[in-house]
Amino acid sequence: MAEAADFQGTPPSAARRWLRRSGALLAAVPVLAGLLQAPAAGQARADVPAAASETTTAARAPGTGSRSVDVSVDALTPSAPQKGDTITVTGSVTNRSSRTVTEGSVGLRLGAALGGRSAIDNVAQRKGYVPGLEGTPVDDKFTEKISSLAPGNRQSFRISVPADDLDLGQDGVYQLGVALTGQTAAQPYPQVLGIQHTFLPWQPGKAASRTKTTFMWPLISATHLTAETDSSERQTPVFEDDELAKEIAPGGRLQQMVSLGSRLDVTWVIDPDLLASVDAMTENYLVRGENGETSPGEQQGPAKQWLNELEKAVQGKNVVALPFADPDLASLAHTGKRVSGSLSHLKDATEVAADTVETVLHVKASTDFAWPVEGAIDPAVVDVATSAGARNVIARADSLQDTSGLPYTPSAPRPIGGGTTAVVADARLSTGFRGDMTRANNSTLAVQQFLAQSLMITLQAPEKQRSVVVAPQRTPTAGQAQSMAQAIRLLQDGRWTEPQDLTAAAKSSPDPGAVTSVPSGRAYPASLRRQELPLSAFESIRNTQGRLDGFQAILSNASRVQAPFGRAIDREMSTSWRGRPQEAERFRGGVSGYLNTLTQSVSLIDKSEAKLSGRSATIPVTVQNNLLQDVDHLVLRLTSTKATRLKVGGSQYDEQPVRVSGGHAQSVKFTTTAEANGPVEVIAQLYTQDGQPYGSEVRFNVNVTEVTPTVMLVIAGGVLLLVLAGFRMYTQRKRAARRAGDVPPEGPGDGSDAAQGPGPGTDTPGQPSDPEPDTAAENEDASTPGERVDR
């Protein structure tokens with residue numbers, strides 16, 4: 001592998017220095033170590049046999065007792081010394097055994113210049129003391145005595161030695177061991193009881209051809225912003241938690257990333273969702289608590305400060321915008337593309353990315369890069385990564401492995417066909433700052449190993465300038481960011497590297513001999529496949545999008561839901577859900593549930609049984625709109641399940657357009673015709689204009705009681721009999737009154753009692769009133785039991 005290519009030609013002066021410092025017995029061991037670690041002249045891939053020999057020696061000579069004491073190297077300054085510098089190593093030793101260490105001393109052991117990148121790996125992985133591989137002890141005057149170290153006790157040390165006293169020769173990476181030598185009651189003779197291995201990069205002057213190095217500086221966070229907003233005109237956003245506020249607060253992870261990155265020559269790789277979320281926090285926002293209730297957020301100040309600092313930091317720098325919410329490209333490639341519409345979300349997320357960065361930070365961002373998880377690629381991942389327009393895929397060397405036998409690490413760009421370039425990040429440099437970097441020992445060792453690998457790349461082919469890319473973990477912790485920043489600052493003195501942005505690195509000349517074939521799908525890491533989004537996730541996304549499309553079609557102002565839900569669906573595909581399947585499912589359920597709440601705000605009001613008497617009547621159906629905006633482009637259909645008994649609009653069903661103002665209800669009346677008596681079930685259903693059902697249907701019964709001609713004759717006869725009986729009673733009362741003398745004689749010419757005017761004490765006949773209305777007043781409330789329809 002080119003990743004493991006060697007630096008050839010270890011100087012013979014190193015062996016001579018060992019002989020000069022040591023006695024005859026000790027001299028033989030360093031000479032053997034030199035033979036094992038130094039490659040032979042002209043050997044193209046000397047690191048492979050060196051690594052094999054070193055491993056074999058380690059297996060034959062286990063470091064018995066050499067791990068009784070933990071040695072912690074908390075600082076090594078300067079990390080890359082020059083002539084005239086004084087090298088200072090500080091740290092501590094802790095007795096992990098059950099016996100007291102006596103007559104101890106902490107000293108340095110300097111090995112020969114290492115022959116390749118694999119040799120650096122082997123030294124870093126070696127635990128404990130292995131005779132023959134640990135180099136020569138530096139002069140005793142540069143040691144610190146520890147007379148006694150009881151079990152469990154810890155003691156600090158500080159050792160300083162002038163770089164000139166180390167007799168470092170040719171430029172290279174030297175193995176440096178920090179060892180505790182002492183004895184115990186069980187083994188009363190001097191021995192190495194603990195050792196820590198690190199590296200001393202030695203490049204006192206500028207290299208003839210410096211390696212162009214690109215360091216990606218990622219600003220990415222987990223998903224925090226939901227699809228939910230309040231009902232105000234400003235649509236106050238709702239956050240799932242307040243974790244983002246902690247990240248941007250002073251001392252928080254993202255605050256440290258911006259503060260550190262502002263002083264470094266790096267390429268900013270930004271998820272626009274992070275910018276949109278922090279931007280939302282600069283004004284009023286709500287935070288959902290553990291009980292589900294929301295409360296006002298209070299971090300507007302830190303949000304504004306963070307964005308202001310970031311805006312200043314990125315001015316004049318190379319900025320790469322990932323698709324909105326950093327979608328999981330591998331999940332889309334391996335699962336999502338089996339669900340229709342999934343890839344369209346990636347295109348939308350890419351289109352909105354550059355606009356978001358420019359709106360918030362006022363800089364132009366490149367959207368020409370795709371970054372699969374861990375830089376792992378296969379043909380499907382490449383196809384999906386470039387489907388939205390990206391022409392550069394950030395891969396990693398442990399995925400696109402170089403098997404061409406190049407004796408050096410090739411440049412990052414690799415043309416992989418179709419106009420696409422794989423920008424291959426160096427695996428060792430990219431993964432060097434993982435783990436707990438809050439421990440000084442871990443951070444110091446990581447920085448020294450990073451510098452060692454970086455220098456070795458330059459020394460592999462000092463006459464050939466190459467471009468190297470470092471793509472670290474997506475969300476570094478604050479401690480990891482501080483360690484990375486320290487390493488980058490040390491490289492910025494320009495002795496063996498020079499900075500280059502990611503866009504320039506992608507356009508640099510590729511090595512003709514480097515491997516450009518994309519590994520097959522079978523080579524994709526199984527551990528990464530297990531973390532991908534399941535098929536059910538993309539099916540849920542498709543269902544949510546379908547309901548959202550139908551809902552938007554009826555709104556007078558669809559933008560109020562288009563942006564919140566569109567971006568929330570992007571977040572459902574985020575890479576940040578890897579390793580958190582339950583949280584991802586809960587987020588998808590929250591988006592879907594909130595959409596259901598909104599769509600159900602436009603609905604039909606339930607009706608009870610209606611009674612229809614007569615051959616024709618109108619049936620009102622009420623549509624309720626509890627949204628704050630008008631709804632339109634809806635059609636209400638009323639269908640009779642028994643058209644032979646009841647017709648709607650002259651047939652089995654009738655439709656009418658519906659428009660309802662926000663916060664109001666609207667009754668829609670349908671004309672019905674009775675054909676026969678009896679109950680009929682009627683179905684009311686809303687539809688969008690393209691014929692898709694909207695919401696739930698409402699079913700109710702209409703009880704048809706048609707009035708026949710015979711019944712009408714009976715009723716008419718009864719009314720006539722009542723009128724005749726009333727007239728007879730009236731005339732009888734008049735005659736009885738005359739006989740009693742209460743009524744004066746009739747005037748001449750008046751031949752009828754009916755023409756007589758009213759006498760004293762009689763009631764004046766009233767005028768007939770206006771007829772009763774045929775229809776009842778319209779009521780938009782829900783129908784009451786036993787309601788009667790309008791005739």
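We number each residue from 1, following the sequence as shown.
In terms of heavy atoms, L322 sits closest to A353 at O-CB, 3.3 Å. The shortest heavy-atom contact between P218 and M257 is O-CE, 3.1 Å. The two residues M216 and A471 come nearest to each other via the heavy atoms SD-CB, 3.6 Å. Between R253 and A478, the closest heavy-atom pair is CG-N, 3.9 Å. Contact detail for S277 and R571: the closest heavy-atom pair is OG-NH2, 4.5 Å. The shortest heavy-atom contact between F670 and D654 is CE2-O, 3.5 Å.
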Note to self: I'd like to know whether D368 forms a side chain to side chain donor-acceptor pair (under 3.5 Å) with S366, so could you lay out the CA-CA distance, the side-chain angles of the two residues, the decisive distance to 0.1 Å, and finally the verdict.
What the structure shows: CA-CA 6 Å; D368 202 30; S366 171; 5.4 Å; no
Next item on the list: Evaluate the side chain to side chain contact (heavy atoms under 4.5 Å, CB included) criterion for residues E311 and L361: first the C-alpha distance (whole Å), next the side-chain angles of each, then the deciding distance (0.1 Å), finally the verdict.
Entry: CA-CA 5 Å; E311 183 177 351; L361 297 181; 4.3 Å; yes
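Classification of K246 and E243 as a salt-bridged pair holds, one side-chain N sitting under 4.0 Å from a carboxylate O. By the 4.0 Å N-to-carboxylate-O rule, E358 lies close enough to K364 to be salt-bridged with it. The pair K337-D383 does not meet the salt-bridge criterion, since no charged nitrogen lies less than 4.0 angstrom from a carboxylate oxygen. A salt bridge links R699 with E681: the distance from a Lys NZ or Arg NE/NH1/NH2 to an Asp or Glu carboxylate oxygen falls below 4.0 Å. Ion pair R659/D630 flagged as a salt bridge, since at least one NZ, NE, NH1 or NH2 atom sits closer than 4.0 Å to an Asp/Glu carboxylate oxygen.
For the atom pair CG of L329 and OG1 of T386, the computed distance is 10.0 Å after rounding to the nearest 0.5 Å. The distance from atom CZ of F700 to atom CG of L604, rounded to the nearest 0.5 Å, is 9.5 Å. Between T223 atom OG1 and L274 atom CG the span is 10.5 Å, to the nearest 0.5 Å. The structure places OG1 of T622 at 11.0 Å from CG of D606, a figure rounded to the nearest 0.5 Å. A distance of 7.0 Å separates CZ in F551 from CG in L595, rounded to the nearest 0.5 Å. In this structure, the separation between CG on L502 and OG1 on T267 is 5.0 Å, given to the nearest 0.5 Å.
For the pair E539 (side chain) and V339 (backbone), a donor-acceptor distance under 3.5 Å is absent. T672 contributes a side-chain N or O that, together with a main-chain N or O of A617, makes up a donor-acceptor pair within less than 3.5 Å. Looking only at distances, a side-chain donor or acceptor of T599 sits under 3.5 Å from a matching main-chain atom of N596. Between the side chain of Q685 and the backbone N or O of G695, at least one donor-acceptor pair lies under 3.5 Å. At distances below 3.5 Å, at least one donor-acceptor pair connects side-chain atoms of Y594 with backbone N or O atoms of T229. A donor-acceptor distance shorter than 3.5 angstrom exists from the side chain of S399 to the backbone of I377, with no hydrogens or angles considered. Between the side chain of T236 and the backbone N or O of D230 there is no donor-acceptor pair closer than 3.5 Å.
When side chains are defined from C-beta on, V357 does not count as touching V314, because their heavy atoms never get closer than 4.5 Å. Contact check for T420 versus V393: side-chain heavy atoms found under the 4.5 Å cut-off. Put simply, the side chain of Y524 reaches to within 4.5 Å of the side chain of H334, judged on heavy atoms. Side-chain atoms of V631 and L555, non-hydrogen and from C-beta on, do get closer than 4.5 Å to each other.
When only modelled atom types and interatomic distance are considered, H345 and D570 share no side-chain donor-acceptor pair under 3.5 Å. Residues S592 and R547 bring a donor and an acceptor atom of their side chains to less than 3.5 Å of each other. Side-chain contact check for D549 and Q545: at least one donor-acceptor pair (N or O, by modelled atom type) lies under 3.5 Å.
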I'd like a table of donor-acceptor pairs (distance under 3.5 Å, sequence neighbours excluded) in which one partner is a side-chain atom from residues 293-300, with atom names and distances.
unit_1, atom_1, unit_2, atom_2, d
Q300, NE2, E283, O, 3.2
Q300, NE2, G297, O, 3.3

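Partner of W371 under the side-chain contact (heavy atoms from CB on, under 4.5 Å) criterion, chosen from I394, T575, V423: I394.
Taking the centre and axis of the six-membered ring of F538, the NZ or CZ atom of R338 falls outside the cone set by 45° and 6.0 Å. Annotation: cation-pi geometry satisfied between R637 and Y687 (NZ/CZ under 6.0 angstrom from ring centroid, within 45° of ring axis).
Within a 6.0 Å sphere centred on CD of E655, heavy atoms belonging to other residues, nucleotides or ligands number more than 12.
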